[in-house]
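Below: one structure, written as structure tokens.
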Amino acid sequence: MGLEVNNLKVSINDKTIIKEATLKVGYEEKILLVGPNGSGKTSLIQAIIGNPRYRVDGRILLDGKDISNIPMHERVLLGLAASYQIPPSLRGLTLYDLAYNIMKRFHDDIDIIKERIYSLASSLNMVEFLDREVNREFSGGELKRSELFLTLLLKPKIILLDEIDSGVDMENLRIMAKEIMRYYKRYKPGILFVTHTGGILRFLKSDRLYILLDGFIRESRDAENAFKIIMESGFYKFT
Ligand SMILES: Nc1ncnc2c1ncn2[C@@H]1O[C@H](COP(=O)(O)OP(=O)(O)O)[C@@H](O)[C@H]1O
Ligand SMILES: [Mg+2]
């Protein structure tokens, strides 16, 4: 159970980005997704979460239920969440109001909503940002913390993290990894995460690794070693 993607083809504007991807993210699994720039990691994540810009063929299953044709908010309701690699900033809307509005779609109890917002913001050192416009003039690390905050807000079962560690210093990385691990131990989600630098791997060990290359996906069960080889010799060592 968890997330299962079978023979997925992903296109945008008539351009096929992923020819065929098959992967699994089970509960209590931490899975690394890597690939060169432009190989389609972001497209794959956005297709799984249901971004309507991407056209998909194939199947996306969550706990055995085919979700490939349902809209994004319904996938979120079923327990999927994805972070943006480049989070948008929003004028005239505070982070608190955005968080509140997201929570309000799925919960009725205002006390529960407030408690969730403040406890998560507090763990991620984000309380002082709640009154600021979403992501406006946030530093690189603040932007990624804000993104992780919004991603974890609804207590997702399957979490897709797109380069959560890019441009983030060690201190911010530590704060984020600590919260991810706390969440992981408490709620036992499945996590698929993309990293370029490997920065997050210092704190978050992966169980398996997928490599996206030339539109196809490959799996390595020895994630640590595979990542080391990629860092030393490049992605094409795996062709
Ligand atoms: N709107 C679009 N129209 C055409 N091509 C796009 C569009 N968006 C992304 N692409 C292309 O899709 C490919 C995969 O991009 P992306 O999924 O962002 O890769 P990655 O996250 O692995 O770096 C890239 O070649 C990118 O230029
Ligand atoms: Mg990307």
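Both ligands and their constituent atoms are indexed starting at 1 by order of listing. What you see is a predicted model; the values in this text were computed from it and never measured.
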Quiz prompt | SB check R145 E142 (cutoff 4.0 Å) | solution = no
Quiz item: Charged N to carboxylate O under 4.0 angstrom, E179 versus R182?
Solution: yes
Quiz item: For the side chain of D169 and the backbone of E171, is there at least one donor-acceptor N/O pair under 3.5 Å apart?
Solution: yes
Self-check item: Residues, nucleotides or ligands: over 12 heavy atoms within 6.0 Å of D109 CG
Solution: yes
Quiz item: Going by heavy atoms in the side chains, are K155 and R116 under 4.5 Å from each other?
Solution: yes
Quiz item: When you check the space around the Mg ion (ligand 2), which protein N, O or S atoms turn up under 2.8 Å?
Solution: T42 OG1, Q85 OE1
I'd like the atom pairs linking ligand 1 to the protein - N or O on both sides, separation under 3.5 Å - with distances to 0.1 Å.
| unit_1 | atom_1 | unit_2 | atom_2 | d |
| --- | --- | --- | --- | --- |
| ligand 1 | 1 (N) | N13 | ND2 | 3.4 |
| ligand 1 | 1 (N) | R53 | NH2 | 3.4 |
| ligand 1 | 3 (N) | N13 | ND2 | 3.2 |
| ligand 1 | 17 (O) | S43 | N | 2.9 |
| ligand 1 | 17 (O) | S43 | OG | 2.5 |
| ligand 1 | 19 (O) | G40 | N | 3.2 |
| ligand 1 | 21 (O) | T42 | N | 2.9 |
| ligand 1 | 21 (O) | T42 | OG1 | 2.9 |
| ligand 1 | 22 (O) | S39 | N | 3.3 |
| ligand 1 | 22 (O) | S39 | OG | 3.4 |
| ligand 1 | 22 (O) | G40 | N | 2.9 |
| ligand 1 | 22 (O) | K41 | N | 2.9 |
| ligand 1 | 22 (O) | K41 | NZ | 2.8 |
| ligand 1 | 23 (O) | G38 | N | 2.7 |
| ligand 1 | 25 (O) | K15 | NZ | 3.3 |

Exercise. Could you walk me through whether L90 and E133 pass the side-chain contact (heavy atoms from CB on, under 4.5 Å) test, one step at a time?
Key: CA-CA 6 Å; L90 300 171; E133 287 176 307; over 6 Å; no
Exercise. Give a yes or no answer on whether the side chain of K41 reaches the backbone of F193 with a donor-acceptor pair at less than 3.5 Å.
Key: no
Quiz item: Cation-pi between K30 and Y184: NZ/CZ under 6.0 Å from ring centre and within 45° of the ring axis?
Solution: yes
Exercise. To the nearest 0.5 angstrom, please state how far the CE atom of M103 sits from the OH atom of Y96.
Key: 9.5 Å
